[in-house]
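Being a predicted model, the structure only gives us computed values, none of them experimental. Each chain gets a letter, A, B and so on, in the order its sequence line appears, and its residues count up from 1.
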Amino acid sequence: MEKFIRLTGVAAPLPRPNIDTDAIIPSREMKRVSKEGLGEGLFADWRYSDVAARVPNPDFVLNRPPFDRAPILIGGANFGCGSSREHAVWALKDYGVRCVIAPSFGAIFQGNCVRNGILPLVLAEGHVTALAAAADHRPLTIDLDALTVTLPSGDALTFTIPPADRQMLLEGLDPIGVTLKRLPAIIAFEADHLSRHSWI
Amino acid sequence: MGSTLVEKLWSRHRVADLGDGTDLLYVDRVLLHERTGSIALKELAEKGRAVRHPGRAFVCMDHIVDTRPGRGDETVMPGGTAFIRETRAAATAAGIHVFDIGHDNQGIVHVVSPEQGIALPGLTLVCPDSHTCTQGGLGALAWGIGSSEAAHALATQTLVVRRPRQMRVRFEGTPGPGVSPKDMILHLIATHGADGGAGHAVEFCGPAVTALPVEGRMTLCNMAVEFAAWTGLCAPDAKTIAWIEGRPHAPKEDAWVAAVADWADLHSDADAVFDREIVIDCADIAPYVTWGTSPQHAVPITGQVPALDEARDATAAAAWQRALSYMGLNPGQPLAGLPIDGAFIGSCTNSRLSDLRAAAEVLRGRKVAPGVRAICVPGSMRVKAAAEAEGLHTIFLDAGFEWRESGCSMCFFAGGEHFGQSERVVTTTNRNFENRQGPGTRSHLASPATVAASAIAGRLADARGHTTPAPTGGV
C-alpha cells in the first residue's frame with residue numbers, strides 16, 4: 001500500500017453534511033470487477049452536467065481550477081456514509097485525492113481510506129469550516145508524522161488519529177500480511193473457540 | 001460491573017488486544033455478493049492467498065442479477081454478466097458455496113443468511129455490504145466492511161476492529177396501529193440524526209422490541225447504518241430460537257441443545273453500563289415518510305416539509321434547501337397527497353414474508369392507481385415461494401403490481417433498471433440519496449403498508465384505516 005507521510009496541496013471544499021458513497025461514486029460507474037480507472041466516475045452525478053457524454057458541470061468545485069487537481073477534500077459531517085463500496089475510495093485515489101478532512105466519517109468509508117493510503121482527517125466542525133475559509137485557493141500542508149495541518153498563514157492545527165491507522169498509513173503496511181504474523185495465536189484461539197461452540 | 005451484549009460477544013471473539021482500543025476479532029462467518037465480494041476474491045487469488053475456511057463463507061448473487069422473470073446471467077445492467085460469472089468462478093475455485101441464480105435459495109444476502117440459519121445468535125459475521133447490521137436482529141455481531149477487509153477476513157478469519165462505544169435504544173410502550181418497525185427506525189433517525197449513532201454499537205431493546213417479530217427486529221437493525229452506527233443488534237430470546245430452529249444451516253440435535261443453552265447468556269446484564277442511552281416512547285411514533293435526500297429527512301405521513309428556519313444551523317438549512325430542490329418540494333408542503341409515479345416493495349429492509357403480508361393486507365381487493373408503476377421484489381426465492389403458497393402473489397398481481405424474482409433490484413441504480421428523471425417513488429428501501437434509484441429520481445422511504453396505500457391512492461397516503469395489522473405470530 002502507498003504510504004502517507006506528508007502532503008501539500010490545495011483543498012477543495014465540499015461543505016455539505018452526509019455526502020454518501022453513492023454520490024462519491026454512483027453504482028453505475030462501477031463497471032468492472034476492478035479497482036482501476038474509477039476516477040472518471042468520481043462524483044459523476046455532480047461533476048458532469050451530462051453524465052453519459054461526460055460534459056463537465058462548471059459549477060462543481062472539482063471543475064474549477066486549481067481544485068481540479070486538489071489532493072485534499074474538505075467535506076461536511078458524516079462524509080462517506082451509506083454503501084460500503086470501497087470503490088468510493090478507489091475513485092478518490094485514482095483521481096488523485098490523498099486526504100479528506102471532515103468533522104466525522106462513515107465508519108466503513110473511514111476504514112477503507114486507511115487501507116488504501118488515504119488519510120481520513122477528523123477535525124471539529126468549527127475547525128473544518130475555518131480551515132476551508134483560511135485555505136481558500138492556497139495549499140495546506142498535512143503532516144501525519146507530526147499530526148499537524150499547516151495553514152497558508154503558517155499557523156498549524158493539530159489532529160489525532162487512532163495509532164494503528166497512523167502506523168498503517170505511515171508505513172504503507174499490508175494488513176493481511178501483518179495479521180498473518182499472528183497466525184499461531186489465531187489457530188490457538190480457533191481451537192478453543194470451536195471446542196466451546198461446536199456449531200460454528 | 002456487568003457487561004453489555006456487545007461486550008460479551010466481543011470478549012468471546014477477541015484473539016488479541018492490539019492496544020489503543022483495538023482488538024483482533026475472530027470472524028465466524030463471511031458473506032459475499034457479486035458486487036463487492038467479487039473483488040475481494042479476485043484480490044486473494046491474485047496474491048496467491050487461500051481462503052482459510054471456505055466452508056464458513058457464502059456467496060449470494062443479489063446486487064446485479066436481474067429480477068425479471070426468466071432471468072439468467074444476462075443483465076439489463078451493462079457489464080453485469082461479468083460480475084456474476086467472475087464471482088461464480090472465483091467462489092467455486094475457492095470452494096465457497098454460492099446461492100446462485102436459478103436456485104430455490106437465491107436472494108438478498110441479508111435475507112438469505114438468516115433464513116438459511118447461517119446467521120445465528122452469538123456469531124461474528126461480516127460482509128462487504130453496509131446493511132450487514134440487519135443480521136444483528138438475531139443477536140449476531142454483524143457488521144459491514146469494505147472489500148479489502150473482506151479479503152482480510154477470508155484469508156485470516158479475523159479482522160482488526162476498534163472497540164465501539166455502547167449505546168442502548170429503548171423503545172417503551174406499544175406502537176399505535178399501522179406503526180411498523182420501519183417507522184420506529186425512521187423515527188429514531190429523524191429525531192437523533194443520520195450521524196446520531198456514530199462510533200457506537202446500538203442495542204435495540206425495550207418492550208416494543210421484545211414484542212416485535214424476529215423479522216421486524218431485522219428491519220430495525222437494517223437501518224442502524226443509516227444512523228451511522230457501527231452496527232445494531234437485538235438480544236436473542238425464545239422467539240429468536242423458535243424462528244431459527246430447523247433452518248438448513250442451523251445446528252441440529254446435540255449441537256442445537258448446546259447452542260440454545262449457550263445463547264441464554266446473550267443479553268446485557270442488568271448492571272451493564274452504556275455510554276449513551278436513548279429512550280423512545282412508541283406513542284410518539286407515527287407512520288413515517290421521508291421528504292428529502294437523507295433518511296433523517298423524515299416526518300409523520302400526516303406532517304409537512306419543515307420550514308428552513310427549523311434547521312439546526314446554516315449548514316443544515318443549506319442541505320435542506322438542496323434536498324427540497326432535488327425533491328421538487330417546498331417548505332410547509334404536506335407530504336400526504338403528493339402524486340407519485342412509482343411504488344417499490346423490496347430490499348434487505350422490507351422484503352420478508354411479514355413485509356409482503358403487511359402490504360397485501362392493504363392491497364387486497366384494490367387496484368394500483370393509473371399511471372403508477374408498482375413493483376414487488378421478494379427478499380429471497382424462499383420468501384417468494386412462501387408468499388405464493390399463501391396466495392399473496394395473486395393479491396399483488398391483481399392489484400397491478402409486478403411480481404419479481406428475488407434480488408436487490410431497484411433499491412439502487414447500477415446502470416440497469418431504474419425509475420425515471422424527476423419521477424416520485426415511494427419505496428420500502430433504506431436510502432433516499434440523490435440519484436439512488438435512478439438519475440433524478442425522487443425517493444420517499446416508507447413502510448410496506450404506506451407504500452401499498454400510496455400505490456393505490458396514486459399519492460403519498462396514510463395506510464391507517466385501510467388495513468388490519470399484519471399477523472405477528474410465527475414470523
Subject >> Part of A:I19 lying under 4.5 Å from any heavy atom of chain B >> reply: neither
Subject >> Interchain contact, B:S294 with chain A, by part (heavy-atom threshold 4.5 Å) >> reply: side chain
Subject >> Residue part contacting chain A, namely of B:A318, when any heavy atom lies under 4.5 Å >> reply: neither
Original post:
So which of A:L180, A:D192, A:I186 has the biggest tally of heavy-atom pairs under 4.5 Å with chain B?
Top reply: A:I186
**OP:** Just say parallel, tilted or perpendicular for the rings of B:W263 and A:W199, cut-offs at 30° and 60°.
**Re:** perpendicular
**OP:** Go through B:G19, B:A16, B:G79, B:A194 and name the one with the most non-hydrogen pairs under 4.5 angstrom from chain A.
**Re:** B:A194
**OP:** Give a yes or no on whether A:R6 atom CZ has more than 12 heavy-atom contacts from other residues, nucleotides or ligands under 6.0 Å away.
**Re:** no
Subject >> Ring geometry between B:H63 and B:H33 (parallel below 30°, tilted from 30 to 60°, perpendicular above 60°) >> reply: parallel
Original post:
Can B:T124 and B:L159 be said to form a side chain to side chain contact (heavy atoms under 4.5 Å, CB included), step by step?
Top reply: CA-CA 10 Å; B:T124 47; B:L159 280 174; over 6 Å; no
Subject >> Residue part contacting chain A, namely of B:A259, when any heavy atom lies under 4.5 Å >> reply: both
Subject >> Largest heavy-atom contact set with chain B, pairs under 4.5 Å, which of A:S34, A:S198, A:S83 >> reply: A:S83
**OP:** Answer yes or no on whether A:R28 is positioned over the face of B:F413, meaning its NZ or CZ is under 6.0 Å from the six-membered ring centre and within 45° of the axis.
**Re:** no
**OP:** If the plane angle is over 60° it's perpendicular, under 30° parallel, otherwise tilted; pick one for A:F189 and B:Y26.
**Re:** tilted
Original post:
Is chain B contacted by the side chain of A:I108, its backbone, both, or neither, given a heavy-atom distance below 4.5 Å?
Top reply: side chain
Original post:
Highest number of heavy-atom pairs under 4.5 Å with chain A: which of B:R431, B:K47, B:R14?
Top reply: B:R431
**OP:** Identify which of A:M30, A:K31, A:E125, A:H197 forms the greatest number of heavy-atom pairs closer than 4.5 Å to chain B.
**Re:** A:M30
Subject >> Region of A:P175 in contact with chain B, defined by heavy-atom distances below 4.5 Å >> reply: both
Original post:
Which one of B:H418, B:R12, B:R52, B:K42 has the most heavy-atom pairs closer than 4.5 Å to chain A?
Top reply: B:R52
Subject >> Pair B:F227-B:H200, side chain to side chain contact (heavy atoms under 4.5 Å, CB included): steps then yes or no >> reply: CA-CA 10 Å; B:F227 188 48; B:H200 291 80; over 6 Å; no
**OP:** Would you mind telling me which of B:T315, B:T22, B:I145 has the largest number of heavy-atom pairs within less than 4.5 Å of chain A?
**Re:** B:I145
Subject >> Closest-packed option against chain B by number of heavy-atom pairs under 4.5 Å, given A:G76, A:P17, A:G82 >> reply: A:G82
Original post:
Side chain, backbone, both or neither: which part of A:A23 has a non-hydrogen atom closer than 4.5 Å to chain B?
Top reply: neither
**OP:** Please lay out, stage by stage, how A:R85 and B:R35 fare under the test side chain to side chain contact (heavy atoms under 4.5 Å, CB included).
**Re:** CA-CA 9 Å; A:R85 62 187 70 170; B:R35 185 50 140 177; over 6 Å; no
Subject >> Side chain, backbone, both or neither of B:A151 within contact of chain A (heavy atoms, under 4.5 Å) >> reply: both
**OP:** Apply the test side-chain hydrogen bond (donor to acceptor under 3.5 Å, both in side chains) to residues A:T141 and A:T8: give CA-CA distance (whole Å), side-chain angles for both, the deciding distance (0.1 Å), then the verdict.
**Re:** CA-CA 4 Å; A:T141 294; A:T8 297; 2.8 Å; yes
Original post:
Using non-hydrogen atoms only, which part of B:I64 is less than 4.5 Å away from chain A: side chain, backbone, both, or neither?
Top reply: neither
Original post:
Going by the angle between their ring planes, with limits at 30° and 60°, are A:H87 and A:W90 parallel, tilted or perpendicular?
Top reply: perpendicular
**OP:** Side chain from CB out, backbone as N, CA, C, O: work out which of these in A:R182 comes under 4.5 Å of a heavy atom of chain B, or both, or neither.
**Re:** side chain
**OP:** Evaluate the criterion side chain to side chain contact (heavy atoms under 4.5 Å, CB included) for residue pair A:H127 and A:F159; output intermediate values, then yes/no.
**Re:** CA-CA 10 Å; A:H127 284 161; A:F159 64 95; over 6 Å; no
Original post:
Considering residues at least two apart in sequence or located in another chain, which fulfil the side chain to side chain contact (heavy atoms under 4.5 Å, CB included) criterion with B:T81?
Top reply: B:D73, B:E74, B:T75, B:R85
**OP:** Heavy atoms only, distances under 4.5 angstrom: which of B:S148, B:P251, B:A255 has the most pairs with chain A? Name it, please.
**Re:** B:S148
Subject >> Among A:T21, A:N116, A:T179, A:N112, residue most engaged with chain B (heavy-atom pairs, under 4.5 Å) >> reply: A:T179
**OP:** Sort out for me which of A:G106, A:A164, A:P162 touches chain B most, counting heavy-atom pairs under 4.5 Å.
**Re:** A:P162
Original post:
Between B:G416, B:G193, B:A414, B:G415, which shows the greatest number of heavy-atom pairs under 4.5 Å with chain A?
Top reply: B:A414
Original post:
Given a strict heavy-atom distance threshold of 4.5 Å, which part of B:E43 is in contact with chain A: side chain, backbone, both, or neither?
Top reply: side chain
Original post:
Charged N to carboxylate O below 4.0 Å: is that the case for B:E434 and B:R322?
Top reply: yes
Original post:
Can you name the residues that form a salt bridge (Lys or Arg N to Asp or Glu O under 4.0 Å) with B:D17, not counting sequence neighbours?
Top reply: none
